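When reading the values below, keep in mind they use all heavy atoms of this one structure, side chains included, and skip hydrogens, waters and symmetry mates. Because the structure is a prediction, the values reported are computed rather than measured.
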Amino acid sequence: MPSSLSDTMPDKMNLGPHEERKLWRRIDFCLVPMIFLMYLFSFMDRANIVQCRFVRVLHIIQLVRIPCKYHSSVRSSVQVATWHNAEAGFYPGVVFYLSMWYPKYRLIYRVAFFSSAAAVAGGFSGLLAYAIGFMNNFGHLEGWSWIFIIQGLATIVVSFVGVFALVDYPDTAKFLSAEEKRFIKQQRTLDMDDDGESTVTQHILSAFADWQVWSMGFLLMFINVPAYGITFFLPTILNNFGYDTAISQLLTVPVYLAAAISMVNVAHFSDSMKIRFPFIIASALIGLAGYIIQITDASTGVKYFGTFLAVIGGYSGFPCVIGWLANNLHGKYKRAVGTAIQVGMGNLGGVIASNIFQAQDEPRYILAFALEIGFLCMVLIVAVFTVCAYHRANTARIASAKRDEINETEYAVGLYVI
């Protein structure tokens, strides 16, 4: 069996291991940091709302949606600047964008790296809120106002820089030679650009009719509820442990940093081992342990340790779920629509999470934690169902190929990633 896609193609372009590593590092440097910053400031809007809610601030924010029909780099930048309405299209757009650059077993690590910005945003917002707490009445403004002013200005700057810094696709990248562009195209999955003779409408409809899109959508929604739930209410939960406001904000920082490190490491090993399912299961089990600790009468120190497990478990499996579907959808149009459906369903998890921690349940939030445990159990059930369906489909495809005496190199490319 070939070691890479390029081995299966005629007139292939080969690079040595050292040259290939240098190429991917150069692409990473040109793409990932800017995407990371854009998602960081995009997600910090939500994190700042959490901090302001924590200090009992109520503020009405008008959201503006700006229609955008620009190139990928311009579209992503404008979406960040227009906050949550546009943000709904930002994440699936970036996943699709990265899938046009990286082969399937290099994709999840990059998705995790930029997704870790969500965890970093949670930690950074805690530090920012603590520091800005000393700016009350500065410039005749309340301290919480400066959270939005400083972060908002940074978001605008990053969005403008992104317009010029990001490159649309490998074919338009000026920092790549013709040979490198050819190599990248060879390294991507064979079906990446294979949309056949069907129309765009047919590809869109096929995404809606594909069982795995809905299975993965529910999987993402179920994993997002505990991830968002602990994010939205972590300062309040820590405050109910007996810490004051400032200490509670600072204690969120190491929790989110640990989650960010965990996300990147899980994705690295998932790509290296070329499997997704075991890491999703492990993440869910870690999250379950964390929430079970929260629901008990354990000491404050043990419960604080439990918040690490809950946040790490919620965040670590997220990139694997996103990448699992992206790896298994054939055709760029179907992949784009399927990922958008999945992320849209996943965002419903945030809606659910924002309503399960009720004031009357303070200080222990037993009902909320019990619901989080229930959703993580649903993650286990849906993940097992999905992997069994994939395994059955792979087994049938291999048996059929062997009967027809099809070469392993040809049918292996179409097997589902487990």
Side-chain angles (χ1 to χ4, degrees), residues 4-5 91-92 94-96 98-99 101-116 118 187-192 207 210-224 226-227 259-288 312-330 334-335 338-343 345-346 349 375-395 397-398 412-418:
S4 68
L5 179 63
Y91 196 96
V94 170
V95 173
F96 173 73
L98 292 177
S99 74
W101 285 84
Y102 297 98
K104 64 170 66 175
Y105 293 120
R106 292 184 182 272
L107 176 64
I108 304 305
Y109 180 72
R110 276 74 184 180
V111 170
F113 192 87
F114 99 81
S115 299
S116 68
Q187 289 296 304
R188 296 203 310 263
T189 313
L190 276 174
D191 70 288
M192 185 66 69
D210 196 330
W211 69 269
Q212 60 178 326
V213 171
W214 300 102
S215 178
M216 292 292 191
F218 280 112
L219 185 59
L220 184 61
M221 180 172 67
F222 294 148
I223 205 170
N224 271 357
I261 294 170
S262 175
M263 286 177 74
V264 174
N265 282 317
V266 166
H268 169 73
F269 287 109
S270 178
D271 272 351
S272 298
M273 299 174 68
K274 301 183 179 181
I275 52 176
R276 312 298 182 210
F277 168 74
F279 293 98
I280 295 171
I281 294 296
S283 297
L285 292 175
I286 291 171
L288 273 172
I312 288 172
Y315 276 78
S316 296
F318 182 81
C320 290
V321 174
I322 294 288
W324 203 9
L325 179 63
N327 287 163
N328 287 329
L329 286 180
H330 294 200
K334 186 176 181 179
R335 182 179 295 106
T339 303
I341 295 171
Q342 181 194 31
V343 174
M345 293 180 65
F375 278 106
L376 285 171
C377 289
M378 291 302 298
V379 169
L380 298 175
I381 293 172
V382 175
V384 170
F385 163 80
T386 303
V387 78
C388 288
Y390 279 151
H391 179 72
R392 183 177 180 181
N394 284 347
T395 302
R397 183 168 298 180
I398 292 171
V413 176
L415 296 179
Y416 289 113
V417 175
I418 300 296

*Report the C-alpha distance between Tyr91 and Ser115 in whole Å, list the side-chain angles of each, state the deciding distance to 0.1 Å, and finish with yes or no for side chain to side chain donor-acceptor pair (under 3.5 Å).*
CA-CA 9 Å; Tyr91 196 96; Ser115 299; 2.5 Å; yes
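Considering all non-hydrogen atoms of both residues, Ser262 and Ile312 come closest at OG-CG2, 3.3 Å. For the residue pair Gly338 and Leu325, the shortest heavy atom distance occurs at O-CD2, 3.7 Å. Heavy-atom minimum distance, Ile275 versus Ser270: O-OG, 2.5 Å. Here the shortest heavy-atom pairing between Val95 and Ala326 reads CG1-CB, 4.3 Å. Residues Ala383 and Ile281 come closest through the heavy atom pair CB-CD1, 3.9 Å. Residues Gly314 and Ile223 share a closest heavy-atom pair of O-CG1, 4.1 Å.
Proximity of the aromatic rings of Trp211 and Tyr390 is defined here by a centroid distance below 6.0 angstrom, and this criterion is met.
To the nearest 0.5 Å, the span separating CD1 on Ile418 from CG on Asn328 amounts to 7.5 Å. Of the inter-residue distances, the one linking Met345 atom CE with Trp214 atom CH2 reads 6.0 Å to the nearest 0.5 angstrom. Atom SG of Cys320 is separated from atom CG of Leu220 by 12.0 Å, given to the nearest 0.5 angstrom. Taking OG of Ser215 as the reference point, atom CZ of Phe385 lies at 5.5 Å (rounded to 0.5 Å).
The backbone N or O of Ile108 lies less than 3.5 Å from a partner atom in the side chain of Asp271, making a donor-acceptor pair. Using modelled atom types, one side-chain atom of Ser116 and one backbone atom of Phe113 make a donor-acceptor pair closer than 3.5 Å.
Atom CZ of Phe218 has 12 or fewer neighbouring heavy atoms from other residues, nucleotides or ligands inside a 6.0 Å radius.
When Gln342, Met216, Arg276 are each tested for a side chain to side chain contact (heavy atoms under 4.5 Å, CB included) with Ile322, only one passes: Gln342.
Contact of the Leu288 side chain with the Leu380 side chain is registered, since non-hydrogen atoms from C-beta on lie closer than 4.5 Å. Side-chain contact between Met273 and Phe279 is present, with at least one heavy-atom pair separated by less than 4.5 Å. Put simply, the side chain of Phe222 does not reach to within 4.5 Å of the side chain of Leu376, judged on heavy atoms. Put simply, the side chain of Leu98 reaches to within 4.5 Å of the side chain of Phe114, judged on heavy atoms. A heavy-atom distance below 4.5 Å is found between the side chains of Cys388 and Val384. Two residues are said to be in side-chain contact when any heavy atoms from C-beta on lie closer than 4.5 Å; Thr386 and Gln212 fail this criterion. Contact check for Arg397 versus Leu415: side-chain heavy atoms found under the 4.5 Å cut-off. Within the 4.5 Å cutoff, the side chain of Asn224 has no heavy atoms near those of the Phe375 side chain.
Ring-plane geometry between Trp324 and Phe277 is classed as tilted, the angle between the planes lying from 30 to 60 degrees on a 0 to 90 degree scale.
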